[in-house]
Amino acid sequence: MRLSQFFLPTLKETPTEAQIVSHRLMLRAGMVRQQAAGIYSWLPLGHRVLTKIAQIVREEQDRAGAQEILMPTIQPAELWRESGRYDDYGKEMLRITDRHEREMLYGPTNEEMVTEIARASFRSYRDLPKNLYHIQWKFRDEVRPRFGVMRGREFLMKDAYSFDVDAAGARHSYNRMFVAYLRTFARMGLKAIPMRADTGPIGGDLSHEFIILAETGESAVYVDSHFLDQNLLDLPVDYDDVAGLQAAVDRFTSFYAATDEKHDATAAAQLGERLLSARGIEVGHIFYFGTKYSAAMGLTLQGPSGDKVVPEMGSYGIGVSRLVGALIEASHDDNGIIWPASVAPFGCGIVNLRVGDAACDAMAGELYAKAKAAGLDPLYDDRTESAGAKFATMDLIGLPWQLVVGPRGAKAGTVEVKERKGGAKLEMSIEAALARLAGA
RNA sequence: CGGAGUGUAGCUCAGCCUGGUAGAGCACUUGGUUCGGGACCAAGGGGCCGGAGGUUCGAAUCCUCUCACUCCGACCA
């Protein structure tokens, strides 16, 4: 993509309304525009990141055996009356009346709807287990939206819903998601720490929050620093191995990790030096809640011995749009964002310091063509801006690599390869630069 | 939902107290000079001062109401 043609409305100054760093940087980098309190439009740069995050989530859900569906944003109130949550949910639920005076709502979550789908289709215990997920916009009419996309009213979320014949099966479904979550976040360059959590209004008796550490995190967390040394990409991926998954879950839940409200100072103190006190951002939450919805909504199926079975359910959420902000909170510096390669909006930036200079244009053009051909997804800054402005833009938008072509290098036949993280710079040939990035 | 605050050019803000025909920097347009960390010179374009009502000869400025947004708190993926 040529930057001269790309829609990237960056801001030199920070809009007043943005307080935390991820919100400021997202506005400055032209990723999002606020349309109302807690409601955002996603511009090309932000949309690319959002899509990449969603794709990683999708791949890991699929790998763990979940199947993608897509449920609507607008739901009929009737469904929620069945579970009793229409009245329980309160003002957080955005209620809408259609032209026929039917009561509708903009879905804050989908347990009722997915249970209805299951009820309409599942007949026998042989239909289970199933895990259905979707990635969809949701709306919760927060009293006080803040922190940009991290606490918006409208947000993109992945939520999965598992159905099993019995508690043991449900436990396995839970463990699958548990491991899938560790892998998902690890692929984004994040260490997400599972912490035992309250089940809240969704109900149930087994629940973990996945929390990433960031200085600006919304809640205080306490964690065994040895957890951070674990290689999460090393996890088993045989999702049918019941004992193996349980062992993995047991291992990762054996580390001390607690949010403020669950913190046990006495137990934590035994860790001594290993106790890490930090702040965290919740990016995922998984629940096992048994038959809460299946029982309330009459989801039953034929069991193996002719009896009725009420399926055991769980639900598993990942805040996809929140992750965009969370990633920035976890990875930035004074100059801007530092994207992990797996979610970066472009693979690298190419900076032509002297547009109009024959040697620079030729070299940058060649580099751009070759980088594209190599699948490096380059963003080529071919604007006639000053060098400083171009460097500032590149640092701000945080692409993992910058390939700088200037008069100096053009004469010597080299480009400067700068790694955004750390800022290390090396002069090398075009071929060496491309090889360096391809190998990274 | 309680408390506090802000709405003036695309962005950051001044002007408001003490009413008198709307400003700066950045951004934008044109021309020129520059060119390795948000360049310089010159000339331009752009705002019914969030909205409604009121006071006044006259309102961005004073009064009333309203809408929006932000921050602190309680609450949440």
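When reading the values below, keep in mind they use all heavy atoms of this one structure, side chains included, and skip hydrogens, waters and symmetry mates. All figures in this text were calculated on a predicted structure; none of them were measured in a lab.
Using modelled atom types and a 3.5 Å distance limit, the side chains of A:T184 and A:E60 yield no donor-acceptor pair.
Contact annotation for A:P108: no contact, since no heavy-atom pair falls under 4.0 Å across all strands. A:A18 comes within 4.0 angstrom of nothing in the nucleic acid, heavy atoms only. Residue contacts shown for A:K158 are absent, as no nucleic acid heavy atom lies under 4.0 Å away. A:S321 comes within 4.0 angstrom of nothing in the nucleic acid, heavy atoms only. Within 4.0 Å of A:Q19, counting heavy atoms only, lie sugar-phosphate atoms of the nucleic acid but no base atom. Heavy atoms of A:G423 sit nowhere under 4.0 angstrom from any nucleic acid atom. Across all strands shown, A:R33 has no heavy atoms under 4.0 Å from either base or sugar-phosphate atoms. Here A:D395 lies in heavy-atom contact (under 4.0 Å) with a base. Contact annotation for A:G317: no contact, since no heavy-atom pair falls under 4.0 Å across all strands.
Pair assignment for B:C65: B:G51, on the basis of Watson-Crick or G-U wobble contacts that are both within less than 3.5 Å. In this structure B:A59 sits in no base pair that meets the Watson-Crick or G-U test at under 3.5 Å. Across all strands shown, B:G3 is found opposite B:C71 as a Watson-Crick or G-U wobble partner, with both distances under 3.5 Å. Nucleotide B:C26 forms a pair with B:G10, judged by Watson-Crick or G-U wobble geometry with both contacts under 3.5 Å. Taking a pair to require two hydrogen-bonding distances under 3.5 Å in either a Watson-Crick or a G-U wobble arrangement, B:C16 remains unpaired. For B:G45, there is no paired base (Watson-Crick or G-U wobble, both distances below 3.5 Å). The partner of B:G38, taking Watson-Crick or G-U wobble pairs whose two distances both stay under 3.5 Å, does not exist in any strand shown. For B:U21, there is no paired base (Watson-Crick or G-U wobble, both distances below 3.5 Å).
In this model, the phosphate group of B:U70 is not approached by any side-chain N or O of A:T16 to a distance below 4.0 Å at OP1 or OP2. Applying the 4.0 Å criterion to OP1 and OP2 of B:C75, one finds that A:R144 has every side-chain N and O outside that range. An OP1 or OP2 oxygen of B:C1 is reached within less than 4.0 angstrom by a side-chain nitrogen or oxygen of A:K91. An OP1 or OP2 oxygen of B:U70 is reached within less than 4.0 angstrom by a side-chain nitrogen or oxygen of A:Q34.
Between A:F139 atom CZ and B:A77 atom P there is a gap of 16 Å when expressed in whole angstrom units. Atom C1' of nucleotide B:U34 and atom CZ of A:R354 are separated by 9 Å, given to the nearest angstrom. Atom CG in A:D260 sits about 15 Å away from atom C1' in B:A74, given to the nearest Å. What separates CZ of A:R408 from C1' of B:C35 is a distance of 12 Å, to the nearest Å. Spacing between atom CZ of A:F287 and atom P of B:A77 amounts to 6 Å, rounded to whole angstrom units. What separates CD of A:E385 from C1' of B:A39 is a distance of 11 Å, to the nearest Å. Rounded to whole Å, the distance from CZ on A:R85 to C1' on B:C76 is 14 Å.
Put simply, the side chain of A:R140 and the base of B:C75 share no donor and acceptor less than 3.5 Å apart.
A side-chain contact (heavy atoms from CB on, under 4.5 Å) with A:Q246 holds for exactly one of A:R251, A:R171, A:H172; it is A:R171. Remark: of the listed residues A:F252, A:Y316, A:F210, A:F210 is the sole one forming a ring-ring contact (aromatic ring centres under 6.0 Å, His included) with A:F178. Just one residue in the list A:T51, A:L50, A:V49 forms a side-chain contact (heavy atoms from CB on, under 4.5 Å) with A:I53, and that residue is A:V49.
A distance of about 44 Å separates the P atoms of B:U34 and B:U21, rounded to the whole Å. Taking atom P on both nucleotides, B:U66 is separated from B:C13 by 27 Å, rounded to a whole Å. Separating the P atom of B:G46 from that of B:A24 is a span of 14 Å, rounded to the nearest Å. Nucleotides B:G50 and B:A39 have their P atoms positioned 32 Å apart, rounded to a whole Å.
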Polar atom pairs between nucleotides 23-27 of chain B and protein, under 3.5 Å, N or O only, would you list them?
from	atom 1	to	atom 2	distance (Å)
B:G25	N2	A:E13	OE1	2.8

Nucleotide N/O of nucleotides 4-6 of chain B paired with protein N/O under 3.5 Å:
none

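A:E111 has a carboxylate O that lies under 4.0 Å from a charged side-chain N of A:R85, or vice versa, which qualifies the two as a salt bridge.
Between the side chain of A:S331 and the backbone N or O of A:L327, no donor-acceptor pair lies under 3.5 Å.
Put simply, NZ on A:K158 and CD on A:E68 are 10.5 Å apart, with the number rounded to the nearest 0.5 Å.
Ring geometry, A:Y380 versus A:Y368: the interplanar angle falls from 30° to 60°, so the pair is classed tilted.
An aromatic stacking contact links A:F155 with the base of B:A77, defined here by ring centres under 5.5 Å apart and ring planes under 30° from parallel.
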